[in-house]
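Inspection log for the structure reproduced underneath, given as structure tokens.
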Amino acid sequence: MGNVLSMTPLPPGPVVMGVLNVTPDSFSDGGRFAAIDDAVAHAVRLRDDGAHLVDVGGESTRPGAERVDAETEIARVVPVLRELTAAGVPTSIDTTRAEVARAALAAGASVINDVSGGLADPEMASVVAEAGVPWVIMHWRGHSRRMQELAQYDDVVAEVRDELCQRVDAALRAGVSADRIILDPGLGFAKLPAHNWRLSAHLPELVALGFPVLIGASRKSYLGALLAGPDGTPRPVGEREAATVATSLLAVQAGAWGVRVHDVRATVDALKVLAATEAAR
Ligand code: PMM
């Protein structure tokens, strides 16, 4: 599969983004992919399973996580991005730092996935504008260490939509082209479980803004809470796959353009079921 993400305008979707965390403290991969060879082999598997691009991240964004410096982040992601580019695997870089984004683009990344939507680093918008690459602008209120304190909303759907619109305005002012913008409500980022469910239920209101919408529900803790055992113990991270697939499928049915998932094969299978059903209408 070629790099559909280098198309202008963006491809129609659904687009599947596979997750590759190269962070020793990543909650879902448990550091297993920290070694470059393992990371590359895993990313190639995600591509072969049907991922349109592989999202490479070198800084954990799990709630409560401490930050690493830019140098560490670059040292983690750049060798992996170079190898993946050589292997023909399209990649995005999951970073909030302009410096890391710049290094990642030079190493072959073709999309910037910024969980802060440009808020964490004022330089990010100009890096994106200059490179002309697609930019995932996610809803965000603060870094992981304190983000759950910021999960306060009167109307989460309206506030997330309005805050995303402010980020879009800032991006356009910085010279980013509207056809390069992808929006993401940021499930789990300064959101309590009820906020995530409400955003999922009201996804069409975000889709109505007219930008492609990406959803990242994969293995998140609100799914673990939903599936908790009778004693209230959350379902472990590795056992949230069916719930992840269901969430991704519902999101695409509600108009999402793309989904960001760890288990690409399961999601691609589900999306094939949806496509076959739609084709038979
Ligand atoms: N979630 C995580 C990391 N990056 N990027 C986007 N665009 N949307 C998300 O929901 C998102 C993201 C955290 O999940 P992980 O630790 O499993 O990668």
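Under the 4.5 Å side-chain criterion, counting only non-hydrogen atoms from C-beta, Leu183 is in contact with Leu209. In this structure, the side chains of Leu20 and Asp55 stay at 4.5 Å or more apart for every pair of heavy atoms. Side-chain contact between Arg180 and Trp135: absent, with no pair of heavy atoms (C-beta onward) separated by less than 4.5 Å. Residues Arg76 and Thr23 meet the side-chain proximity criterion, which asks for heavy atoms closer than 4.5 Å. Side-chain atoms of Ile215 and Pro185, non-hydrogen and from C-beta on, do get closer than 4.5 Å to each other. Between Thr96 and Asp114, the closest side-chain pair of non-hydrogen atoms falls below 4.5 Å. Using a 4.5 Å heavy-atom cutoff, the side chains of Leu274 and Val252 are in contact. Looking only at side-chain heavy atoms (C-beta outward), Asp184 and Trp257 stay at 4.5 Å or farther from each other.
Using a 4.5 Å cut-off between side-chain heavy atoms of Ile, Leu, Val, Met, Phe, Trp and Tyr, with links allowed through other members, Leu172 and Leu206 fall into the same hydrophobic cluster. Clustering ILVMFWY residues whenever any of their side-chain heavy atoms sit less than 4.5 angstrom apart, transitively, puts Met147 in a cluster other than the one holding Val156. The hydrophobic clustering, which links ILVMFWY residues whose side-chain heavy atoms are closer than 4.5 Å, places Val245 and Val15 apart. Using a 4.5 Å cut-off between side-chain heavy atoms of Ile, Leu, Val, Met, Phe, Trp and Tyr, with links allowed through other members, Leu187 and Phe189 fall into different hydrophobic clusters. No single ILVMFWY cluster, assembled from side-chain heavy atoms under 4.5 Å apart, contains both Val273 and Val259.
The heavy-atom pair separating Val127 from Arg102 by the smallest distance is CG2-NH2, 3.6 Å. Taking each heavy atom of Pro90 and Gly88 in turn, the nearest pair found is CD-O, 3.4 Å.
Taken from CG in Leu192 to OH in Tyr153, the straight-line distance is 8.5 Å, to the nearest 0.5 Å. Taken to the nearest 0.5 Å, the CD1 atom of Ile137 stands 12.0 Å off from the CD atom of Gln166. Between the CZ atom in Arg141 and the CD atom in Gln148 there is a gap of 11.5 Å [rounded to 0.5 Å].
Contacts of Ala104 classified as side-chain contact (heavy atoms from CB on, under 4.5 Å), with partners at least two apart in sequence or in another chain: Leu81, Ile93, Ala109. Every residue meeting the side-chain contact (heavy atoms from CB on, under 4.5 Å) condition with Ile74, not counting sequence neighbours, appears here in chain and number order: Val78, Glu99, Val100, Ala103.
The number of heavy-atom neighbours closer than 6.0 Å to CD of Gln253, taken from other residues, nucleotides and ligands shown, is above 12. In Arg198, the CZ atom is not crowded: 12 or fewer heavy atoms of neighbouring residues, nucleotides or ligands sit closer than 6.0 Å.
With hydrogens and angles left out, the side-chain atoms of Asn113 and Ser92 include no donor and acceptor closer than 3.5 Å.
Judged by distance alone, with hydrogens and angles left aside, the side-chain atoms of Ser200 form a donor-acceptor pair with the main-chain N or O of Asn196 at under 3.5 Å. The backbone N or O of Val264 lies less than 3.5 Å from no partner atom in the side chain of Thr267, so there is not a single donor-acceptor pair. Using a distance-only test at 3.5 Å, with no hydrogens or angles considered, a donor-acceptor pair links the side chain of Thr85 to the main chain of Ala107.
Exactly one residue among Leu164, Val115, Leu150 makes a side-chain contact (heavy atoms from CB on, under 4.5 Å) with Trp140. That residue is Val115.
Ion pairing between Arg219 and Glu241 holds under the 4.0 Å rule for side-chain N and carboxylate O.
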